[in-house]
Amino acid sequence: MSESASHAAVHASDIGRVFQAKGGPVTALDSIDLRVEPGELFGVLGPNGAGKSTLIKILSTLLLPTSGAASIFGLDVVTETARVRRIMNLVAGGDFSGYGLLTVREQLAMFAQFYGLPYREGIAKVDAQLASFGLDEIRDRKISALSTGQRQKLNFARSFLNDPWILFLDEPTIGLDVSAARDVRDRVRAFQAEQPGRTVLLTTHYMAEADEMCDRIAIVNHGRILAQGTPTELKRMVQKDTLFIVGIDELPATISMDSLRALPGVLSVAERDDVTDDVSGVGTQTVRLAVGLREDGALGGVISALAAGGAHLREISKSEPTLEEVFVQLVGRGISESDIAIDGA
Amino acid sequence: MVHSVTTRDPAELIGRIHRETNWGFGRRTRHALASVIARAYPRVIGAAREPSWLFFDLVFPILGMCSIVFLLRSRGVDEAWIGSTILATALLSFWISVVWMMGAQFHWERDSGNLLLYITAPVGLGSIALGMAIGGALGVVIRAVIITLAGVLLFGAKYQVADPLLLMLVIVAGVAAMYSLGVCLSSVFLISGREADHLGSLLNEPMQLLGGVYAPVRSMGTVGVVALGILPLAPAIDALRQVAVPQLATTGILPVGIELVILVVMTIIFGVIGRSLLSYIERVGRSGGRLLARAD
Ligand SMILES: Nc1ncnc2c1ncn2[C@@H]1O[C@H](COP(=O)(O)OP(=O)(O)O)[C@@H](O)[C@H]1O
Ligand SMILES: [Mg+2]
C-alpha cells in the first residue's frame with residue numbers, strides 16, 4: 001500500500017461487488033475509487049439501489065468485495081477485520097436492534113462490553129451518552145417501549161460508546177421527524193469536533209442532508225461514482241458562473257442587451273420569459289434578466305448601467321443551483337424519480 | 001461544512017490508531033469473558049422480568065408430567081418410575097429451551113439487526129453463542145427446580161442421593177451437552193433459513209421420545225442406543241435416574257460413569273462443530289451477502 005493510501009481514513013480502490021441472485025448476477029458496485037481524509041464528514045448520495053449500503057457493508061467488514069481492495073486508516077477490511085472492528089461503529093436507519101426487555105441503560109452497558117470497554121469506564125460512557133442525547137429520563141425504560149425516534153437516538157448513543165475513529169451511517173435519519181433528524185446531525189458534528197481525526201461516512205438519498213452536512217460528497221448511481229467533490233464544487237459543475245436574476249420595471253430604450261453584455265465581467269445576459277403581471281394594478285410588469293457573471297463583483301456595473309438608463313430595480317437574487325440539479329444533469333432524471341423507477345422494477 | 005478537516009498530523013494519527021487496535025492476549029481474553037457475561041445477562045433477567053413467561057413455561061411441562069404420572073399409576077407401575085418421570089420433565093425443560101429458544105436465536109438476532117451489530121463489533125460470535133447458552137441455561141434452572149418441587153409435592157416422589165457431587169456432575173454435564181448442541185442448532189437454523197421453524201417442531205416430539213422422557217431408552221432397543229450416542233438428553237436422563245432413584249439403579253443402559261464421559265465428549269464435539277459453524281456463518285455471510293442480511 002502506498003504511503004498516501006495508508007494515511008487516508010478510508011481508501012477504496014477499484015471496489016466491485018457482484019451478487020449471485022436468483023435471476024442471475026447483480027452488479028451492485030462497479031469499480032469504486034474513494035478516498036476520505038481523516039476528520040472528514042463524507043457523504044455518499046444516490047437513489048435507492050445505487051449501491052450505497054453495499055459500499056458501507058464492505059467498508060464496515062460485513063461484506064467482502066468481489067474485486068478491488070479497501071482499507072480503514074491503513075487497515076485492510078478483508079484481512080485485518082478484527083483490528084478494523086476495534087475502531088469503527090455503525091448505525092443503519094430503521095435499525096430495531098437490542099433486547100426488548102432490557103432497559104435503555106442496560107442495553108448500552110451490554111454493548112459497551114462488546115466494544116471492549118472496561119466495565120466502569122463503559123458505565124461512565126453510557127451515562128455520558130444518555131445525558132448528551134437527552135435520554136436520561138428514559139434510561140430505565142424497556143427498549144420495547146421506545147418510540148422510533150428514541151430508538152434511533154439510542155442507536156447513535158450506542159455508536160459513540162467506543163469513540164470510533166470511523167463512524168458509518170447508512171441512511172441514519174430515515175424515518176425521523178425534522179427535529180429529531182436535526183438533533184442527530186448536531187450530535188454527529190459535535191462528536192467529530194471533540195476529537196480531530198474522527199471520520200464519518202454517511203449515505204443518504206436526501207439531497208438537503210448531504211448538502212447541509214457533508215464536507216465532500218460522492219454521487220453514485222448503478223454502482224458507480226458519477227462525481228465527487230465539495231457541495232460547492234458539485235454545484236459548479238452545473239453552473240460554472242454566478243448567475244443573478246435582476247428584476248426591473250422595463251428595459252430602458254437607451255440600453256441594449258448587447259451593451260450590457262459588453263460590461264466588464266459580464267458573461268451573458270438573457271431576458272427570462274417569466275415576466276409577471278403586476279398584481280398591484282399600477283399597470284407595470286417586472287422584466288427579469290438572467291445575468292451571468294465571472295464573479296459577484298461585476299454585478300455593480302450592470303445595476304449602475306440600468307439605473308443610469310432610468311430603469312427601476314424591483315428585485316435582485318442570486319440563483320443557486322441545487323444538488324438536485326447536479327443529480328439531474330448527471331443521471332438524466334431526479335433522485336426521487338429514479339427511486340420510483342427502481343422500486344417498481 | 002463547519003468543522004475543519006484534519007488538524008493533526010496524519011502519520012501521528014495513524015500511528016496512534018494502529019497502537020490502539022493492537023490488543024494483547026490479556027485484553028482479548030478479558031474482552032471475551034466480559035462479552036459472554038454481557039450476553040448472558042438479558043437471558044437470565046428475562047425470566048425474572050417477565051413472570052408470565054415463567055408461568056407458561058411451567059404450565060405445559062407440569063400438565064404433561066401429570067398426565068404421564070396418572071398413566072403410570074393407572075397401570076400400577078412402580079412408584080420409583082414416577083420419581084424418575086419428574087426428574088426427566090425437569091431436564092426436559094432445558095431441552096425445550098435449547099430447541100425453541102437457542103435454536104431460533106441467531107435467526108431472530110439476524111432479523112432484529114443484532115447479528116449485524118455483533119459482527120461489526122470486536123466481539124466474536126463464539127462469545128455471543130457461549131453467553132447465550134450460559135444465560136439460557138441459568139434462566140431455566142428456576143424452572144427445573146419448580147418442576148421438581150411440584151412433582152414432589154403433588155405426587156410425593158422420593159429421592160435418595162447417595163452421591164450429591166455425582167448428581168451435580170450429571171446435571172451440569174447433561175445441560176452443557178444440550179446447550180453445546182444448541183449452539184449447533186442455532187447455526188444450522190440460521191443457515192437453513194425459513195425451514196428452521198418446521199425443523200424445530202420436527203425435532204421436539206420425537207426427541208422427547210428418543211431422549212427417554214416417557215420410557216427408559218433401554219426399552220427402545222437399537223434406536224435407544226443410537227439416541228444415547230447422539231442426543232444429550234438420553235444419557236443425561238438415564239444417568240440421573242440411576243443416581244437419584246436407587247430402586248432404578250439397575251435400569252440404566254450404561255453405567256453412570258460412562259454416561260458422564262459420553263456427555264463430556266458430546267459437549268466437546270458439539271462445541272467444536274458449533275465453533276466451525278459460527279466461522280462458516282461469518283465467512284459465507286460476508287462472501288454471499290445473504291446470511292447476515294435482514295430478510296426484508
Ligand atoms: N444480498 C444481495 N443479493 C442480491 N442483490 C443484492 C444484495 N444486496 C443488494 N443487492 C442489489 O444490489 C444493488 C444495490 O443495493 P444497495 O447497496 O442496497 O443499494 P442502496 O443502499 O443504494 O439502496 C441493488 O440492485 C440490490 O438489489
Ligand atoms: Mg441502502
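Chain naming here is simple, since letters A, B, ... match the order of the sequence lines and numbering starts at 1 in each. Atom set for the values below is all heavy atoms of this structure, side chains included, hydrogens, waters and symmetry mates excluded.
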- Between B:His31 and B:Trp23, how do the two ring planes meet: parallel, tilted or perpendicular, split at 30° and 60°? perpendicular

- What part of A:Thr103 gets closer than 4.5 Å to chain B, counting heavy atoms only: side chain, backbone, both or neither? both

- Item | Part of A:Phe111 lying under 4.5 Å from any heavy atom of chain B | side chain

- Query: Relative to chain B, which segment of A:Arg17 carries a heavy atom at a distance below 4.5 Å: side chain, backbone, both, or neither?
  - Reply: side chain

- Checking A:Tyr115 against chain B: side chain, backbone, both or neither under 4.5 Å from a heavy atom? both

- Distance in Å, B:Met102 CE paired with B:Ser187 OG, rounded so as to fall on 0.5 Å steps: 8.5 Å

- Determine yes or no for a side-chain-to-main-chain donor-acceptor pair under 3.5 angstrom, with B:Ser97 supplying the side chain and B:Ser93 the backbone. no

- If you tally heavy-atom pairs under 4.5 Å against chain B, which of A:Gln107, A:Lys142, A:Glu80 wins? A:Lys142

- Side chain, backbone, both or neither of B:Ile37 within contact of chain A (heavy atoms, under 4.5 Å): neither

- Message: Could you check whether atom CZ of A:Arg187 has more than 12 heavy atoms from other residues, nucleotides or ligands sitting under 6.0 Å from it?
- Response: yes

- Message: Could you check whether any side-chain heavy atom of A:Cys214 comes within less than 4.5 Å of a side-chain heavy atom of A:Leu202, counting everything from C-beta outward?
- Response: yes

- Salt-bridge criterion met for A:Asp163 and A:Lys125 (N-O under 4.0 Å): yes

- Looking at A:Arg216 and A:Glu37, does any basic side-chain N land under 4.0 Å from a carboxylate oxygen? no

- Pairs of heavy atoms under 4.5 Å with chain A: top-ranked of B:Gly288, B:Gly289, B:Ser287: B:Ser287

- Task: Using non-hydrogen atoms and a 4.5 Å limit, figure out which bit of B:Arg39 sits close to chain A: side chain, backbone, both or neither.
- Result: both

- Proximity breakdown for A:Glu106 and chain B, heavy-atom pairs closer than 4.5 Å: side chain

- Message: With a 6.0 Å cut-off on the ring centroids, do A:Phe114 and B:Tyr118 count as close?
- Response: yes

- Kindly compute the distance separating CD1 (A:Ile174) from CD (A:Glu209), expressed to the nearest 0.5 Å. 9.5 Å

- Is chain A contacted by the side chain of B:Ile119, its backbone, both, or neither, given a heavy-atom distance below 4.5 Å? both

- Query: side-chain contact (heavy atoms from CB on, under 4.5 Å) with A:Asp140: which residues, sequence neighbours excluded?
  - Reply: none

- Note on the structure: Greatest number of non-hydrogen atom pairs under 4.5 angstrom with chain B, of A:Lys57, A:Met110, A:Gln20, falls to A:Met110

- With distance as the sole test, does B:Ser127 use its side chain to make a donor-acceptor pair with the main-chain N or O of B:Val36 at under 3.5 Å? no

- Out of B:His18, B:Arg27, B:Arg28, B:Glu282, which one racks up the most heavy-atom pairs below 4.5 Å with chain A? B:His18

- Item | chain B-proximal positions within residues 81-88 of chain A [heavy-atom distance under 4.5 Å] | A:Thr81, A:Arg83, A:Arg85, A:Arg86, A:Ile87, A:Met88

- Item | Parallel, tilted or perpendicular, as decided by the 30° and 60° cut-offs, for the rings of A:Trp165 and A:Phe73 | perpendicular

